[in-house]
Amino acid sequence: MSKNSESNHTSFSRRDILKGLATVPVIGIMGAGAISYQSEVQARSKANKIPDFGTLGSSDVTNKLTEFVAPGNKLRIGIIGNGSRGLQLLRALGFADPDWVEKNTPNGKANANLKNFLQQEDLNVEITAICDTFRIYAEIGADAVQHGAKAGARQIKETSGPKLYHNYRDLLADDLVDAVVIATPDHWHARMAIDAALAGKHVYLEKPMTLTIEEAFALREAIFQTGVTFQLGHQNRQQVSYRKAEEVVAEGLLGDVSMIETYTNRNNDHGAWIRGIHPEANRDNIDWEGFLGSAPATEFDLDRYFNWQKWFEYGGGPAGNQFTHEYDCINQVMHLGIPNTVVATGGNYHFKDPRNIPDVFNAVFNYANHGLTLTYDCTLKSKTRRDKLIMGTDASMVLSINLNVFPDNGSEKYKKFNLDPEEPVFSYNPKQDETDATTSATAKYYQERGFGYTYRNGKKVDCTYLHMLEWINCIRTKKLPSCNVQQGFEESVTYIMSNISYREQRVVKWNQEKEMIV
Amino acid sequence: MWALVTLRVAIGWHFFYEGLAKWYQPGWSAQGYLEDSQGFLAGIFHWLANQAGLIGFLDAFNITALLVIGLFLMLGFNARYATLGGIGLLVIYYLSHPAIPGVIYAAPTEGNYFFIDKNVIEFLALTVLWLFPTSNLIGVDRLLNSRRSVENKSLKPA
């Protein structure tokens, strides 16, 4: 035996050892390469202080849901305004109207939209009342609640349908309503939200928050006084790219920011707020006075009723409709608040239909207190894609549903790393499925800009659903939602300043201490 | 022979460095790659990408497999198993991202491929190495196998 083992050791010839280990030096070369590669990676990430983006855009909003889905804790919601946005909000709450379900079931198979909807968790809410000045819209809502598809595998059938109202004050007087979702024309936002708060109802309000600065003050006061839970409908607050962007800025990766660009580029009638007129609408099934409210009295006009965004009497124009989206993203990321001065210009040059809002609009928002300028350019006659751009001394961030941070050529901080300014030092680019059934050009536009879907744990989720979920969780835990009334106040004052500047052709100044236009 | 050994070491080098680069890259995950899968097995890869609990394991497994296979091929240590493992990995990569005409992936490629892409070439190269093993001649396997053959001889009845 011992003889054998001896012979084992002696069986390797010099030739065997040389040939057996011939390739080992290759490992050494690789090792040396690996060490230098590692130190380079470390130096790069250390210098750029790139946070661990894998954990950003936290998913705790969704994960906390289950503890509230106890029976008996049902939140009873009333819908005020059930037009096209109202139906989207109803879906976010878990109720899809039969028409939408049919549209998203081509060839008898659920498409991605419907599948995503069905996967939404049950929010444990009940729709007890629906109000609309157009009777058919209210009835479609009731149909969605009673006969439509339900999200989250909700098995319980609604025993009775929601009560239908054409006057929102009657809905607010209904004891079966704990909270309201308001998606009416903008000139009604403040009045309805204030009345709801005074009636003790929690409020989810579509953007823009208000149409005038006075209304913004009054609504903020009402929410502060009553203590109801208020969420403004800027669902971008749930978008992962914006949450990551906020951390990029907080980490100081961009250096000093001196300029921010925001845009709206659309080129279709729907994007210019020509939304069509319901074929069955008439004087008998529309409460025209209920629509007008405090707006100047005019003759019954279906164009004004359905395409109200075209008039400053009922909507905020490009600034109220679109800039507020861009602004709230920037405010979420940068916490800028209200600008010191605003100038705006533009005109209505291309759309010859009845309207008094501009189709070309430019505004400059100057923040002397932050040492930067925010610009907004809007055209309704070109679809060239321009994403939000935040420019800093060290890097610039291009922001939409995607996020890319490009190092600056002139950066002192990054100079030593010889970085390629064309190559992002950080990217967040979720895969965007082209077959998403984001059917209309407007829907695609919203999706690209990060107002449609986002991602949680690798799953595609509707931002509006998450935003609604946050509001409902905040009601149940008495916490402050992310897009609370102070954020809304800043949004409204900012965009309204640009509208005042455009319409009165003057520089509009804001006194930060006194909180007033000077 | 020297050409086959060089091929083995080169493929090992490539595998090892792929593993290393993924290991060092902060926050690297196969999730995006899996979500981008196309072809007839895309459903399975998409499903894998969405298994929150599984993805961390898959990432670790992929990196370890790349490193181990790469190291073994370079050393010529258990090169038969490493060759087989490498073939397996490449088949999975190809099935996830087959070079089908008209299909566009999220990550741009630096070349143009029609069914045959770099994964297929590397796969074929490994197949050649499987048919013409070299580690018994140049590689650690030479030492192990000569020892084993001595042991075998010694166990044989005289």
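Reminder, nothing fancy here: chain letters follow the sequence lines and each chain counts from 1. For the numbers below, each heavy atom of this structure counts, side chains included, while hydrogens, waters and symmetry mates do not.
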Any chance you could measure B/Asn145, atom CG, to A/Asp16, atom CG, to the nearest 0.5 Å? 11.0 Å

Rounded to the nearest 0.5 Å, how far apart are CZ of A/Arg15 and CZ of B/Arg142? 7.5 Å

Can you tell me which portion of B/Tyr17 sits under 4.5 Å from chain A's heavy atoms? Options are side chain, backbone, both or neither. both

Rounded to the nearest 0.5 Å, how far does CG of B/Leu75 lie from CG of A/Leu21? 8.5 Å

Compare every heavy atom of A/Gly20 with every heavy atom of B/Leu143, then report the nearest pair and how far apart it is. CG-CA, 4.1 Å

To the nearest 0.5 Å, what is the distance between CE (A/Met30) and CG (B/Leu71)? 9.5 Å

Could you report the tightest heavy-atom contact between A/Lys19 and B/Leu137, atom names first, then the distance? CB-O, 3.4 Å

Side chain, backbone, both or neither: which part of B/Val9 has a heavy atom under 4.5 Å from chain A? side chain

Rounded to the nearest 0.5 Å, how far does CH2 of B/Trp13 lie from OG1 of A/Thr23? 12.0 Å

